[in-house]
Amino acid sequence: MLCLGIESSCDETALAFVEDGAVMGSVLSSQSRVHSHFGGVVPEIASREHYRFIGQLFGELLQKTGKTVSDIDGVSVTRGPGLLGSLLVGIAFAKMVALVSNTLFIGVNHLHAHIMAAAIERDMDYPFLGVLISGGHTNLYKITGPTKFYQLGRSIDDAVGETFDKVGSLLGMPYPAGKAIDDLASLGKTDSVIFPRPYTDNDNLDFSFSGLKTALSAHIHKSDQHSDILARSIFIRDTCACFNAAVADTICIKVERALRKHNDLRAIVVAGGAASNNMIRDKLKSLALELDTECILVPPHLCTDNAVMIAYLGWLYLKSGYQHPLGIEAIPRGKMVPDDMILESGHLLDSQNLGF
Ligand code: KG4
Ligand code: ZN
C-alpha cells in the first residue's frame, strides 16, 4: 500500500511516500528563515507559505520517486494539533488528492506521529513510554499498540522546545534557538550555576518550564555587566550548558517516575524536535541503562517536523482498516484531537485518547 503523507501544522511544508512501511521519498520546505525576523512563527505568514509551496512540492515528490497520482492507495494528513490556517492548507490539499485518486483518507495526530517515527527503522515491543518533546508540547504517553496512545502527562505551560526558543531570544539568538543552544551547551560547564529542576517536587507526570525561563531571565539580566567579549562568550556557553542540564534532568525525573508508576513499560521512546538535543539524549540513555530499560531515540533527521512520520502513522491506521470520511476538520492547538477513525465495519476506534 502506497501512502502519501502531508505535514503543514507549523512552519514546515512536507510531503512523503511510505509504501508497505518503507520510506519511498520525501520533500520538505522550511519557513524558519522567514519567521526568524519576527522571533517566532507568524500564523498568517505560515499559512500563505504553505499554500505557495504545497503543489510544487507534491510535483517534486512524484518526480523524485517516479510515482504517479494513480499509484497512491491512501492519503494521510496532519489533522492537528497545530496552527489552524496552516493545517487547513494541508488538509484541503490532502482531500483533493484523495478525491481525484479515489483513495482511502486519514487525518492523524501530529504528536502520535512524532512518537511512531521510532518504528520506521525497527520493530517495537509494546507497551512503551513515549516521551514527546517538541516546540509546542512536552507529553508522556503509554503506547500499547501501533495505534493505541494513552496520555500520562503533559506540559501545563511552555513546552521544552518553546523554552529553548524563548531562552535563545533572551540570549539574542534567532528563532528557532534549540540547535544553537545545544551546540553552545556542549562547549560550556554544567555546574557554573544550578538552575531549578522545575515542577518536580510533586508526584505527577506533568511539566512546567515557565519558572525555569524566569530564572534564566534573571540570571541573564544580572550578567549584563560583561562588556568583555571573551567573558561574555564564556558566560553564554556556561548558561546554555546549565540551562540544558536543568531541562534534561527535569525530563529524566519525570521519565523515571513514569516508569516506576507503570512498571509494565518495556522501553523509553524519545521523539519530537527537542529529542535531537545531545544532552537530553545522553542523560536519557544513562537513565535507561541505570533502570535496565531500553532507550529508543528517534534518529535526528526524523525528530523535527517531517511528512515521513505522517505517512507512516497513516499507513499503520489504513492497513489496520481505519479511515476517515473526507468531511473531517482541522484541530487547532489546545483542542483534543479525537480518535474518531472509522473501521471499515463502521466502528469507531476504541481508545481513551486524552491528547492535547
Ligand atoms: O517537533 P518540532 O519540529 O515542531 C513542533 O511540532 O513543535 O520541534 C521544533 C522545536 C523548536 O522549538 C526547536 O528549537 C526545537 O524543536 N529543537 C531543539 C533542537 N533542535 C530543534 N531543541 C533543543 N535542542 C535541539 N538540538
Ligand atoms: Zn512537531
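Remember, it's 1-based here, ligands and their atoms both numbered in the order they're listed. As the structure is a computational prediction, the values presented were derived from the model and not from experiment.
Closest to atom 22 (N) of ligand 1 among all protein heavy atoms lies Gly178 CA, 3.4 Å. For atom 24 (N) of ligand 1, the nearest non-hydrogen atom of the protein is Asn277 ND2, 3.1 Å. Counting protein heavy atoms only, atom 26 (N) of ligand 1 is closest to Asp182 OD2, 2.9 Å.
Near Gly161, meaning under 4.0 Å from one of its heavy atoms, ligand 1 places the atoms 12 (O). Under a 4.0 Å criterion applied to the non-hydrogen atoms of His110, ligand 1 contributes the atoms 6 (O). Ligand 1 places these atoms under 4.0 Å from at least one heavy atom of Gly136: 7 (O). Each of the following atoms of ligand 1 lies closer than 4.0 Å to a heavy atom of Pro176: 14 (O). Less than 4.0 angstrom separates some heavy atom of Ser276 from each of these atoms of ligand 1: 19 (C), 20 (N), 25 (C), 26 (N). Ligand-side atoms of ligand 1 in range of His114: 1 (O), 6 (O), range being under 4.0 angstrom from any heavy atom.
Under 4.0 Å from ligand 1, not a single heavy atom of Glu12 appears. When non-hydrogen atoms are compared, ligand 1 lies under 4.0 Å from the backbone of Asp305 as well as from its side chain. At a 4.0 Å heavy-atom cut-off, ligand 1 does not touch His137 at all.
In this structure a side-chain-to-backbone donor-acceptor pair under 3.5 Å is present from Glu7 to Ser9. With hydrogens and angles ignored, the 3.5 Å screen pairs no side-chain donor or acceptor of Asp11 with any backbone N or O of Val41.
When the heavy atoms of Val41, Asp11, Asp165 are ranked by distance to atom 13 (C) of ligand 1, first place goes to Asp165.
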Stepwise ring-ring contact (aromatic ring centres under 6.0 Å, His included) check, Phe243 with Phe164: CA-CA 9 Å; Phe243 160 70; Phe164 271 87; 4.9 Å; yes
Are Asp20 and Lys319 close enough, and set up right, to give a salt bridge (charged side-chain N to carboxylate O under 4.0 Å, His left out), and what steps lead you there? CA-CA 9 Å; Asp20 299 331; Lys319 86 172 168 117; over 6 Å; no
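The shortest N or O to N or O distance between Thr304 and ligand 1 is not below 3.5 Å. The distance criterion of under 3.5 Å between nitrogen or oxygen atoms is met by Gly135 with respect to ligand 1. Some N or O of Gly273 is nearer than 3.5 Å to an N or O of ligand 1, by distance alone.
Outside the 6.0 Å centre-distance limit, the rings of His324 and Tyr317 are not counted as a close aromatic pair. Aromatic rings from Phe93 and His50 are positioned such that their centres are separated by 6.0 Å or more. Checked against the 6.0 Å centroid threshold, His219 and Phe235 count as a close aromatic pair.
Between Arg333 and Glu162, at least one side-chain nitrogen of the basic residue sits less than 4.0 Å from a carboxylate oxygen of the acidic one, meeting the salt-bridge criterion.
At least one N, O or S atom of His110, from either the backbone or the side chain, sits less than 2.8 Å from the Zn ion (ligand 2).
In this structure, Ala330 and Leu87 approach most closely via the heavy-atom pair CB-CB, 3.8 Å. The nearest pair of heavy atoms linking Glu12 to Ser30 is OE2-OG, 3.1 Å.
For the pair OD1 of Asp305 and NE2 of His114, the angle at the Zn ion (ligand 2) is about 100°; rounding is to 10 degrees.
Of the options Lys261, Lys254, Arg257, a side-chain hydrogen bond (donor to acceptor under 3.5 Å, both in side chains) to Asn204 is made by Lys254 and by none of the others.
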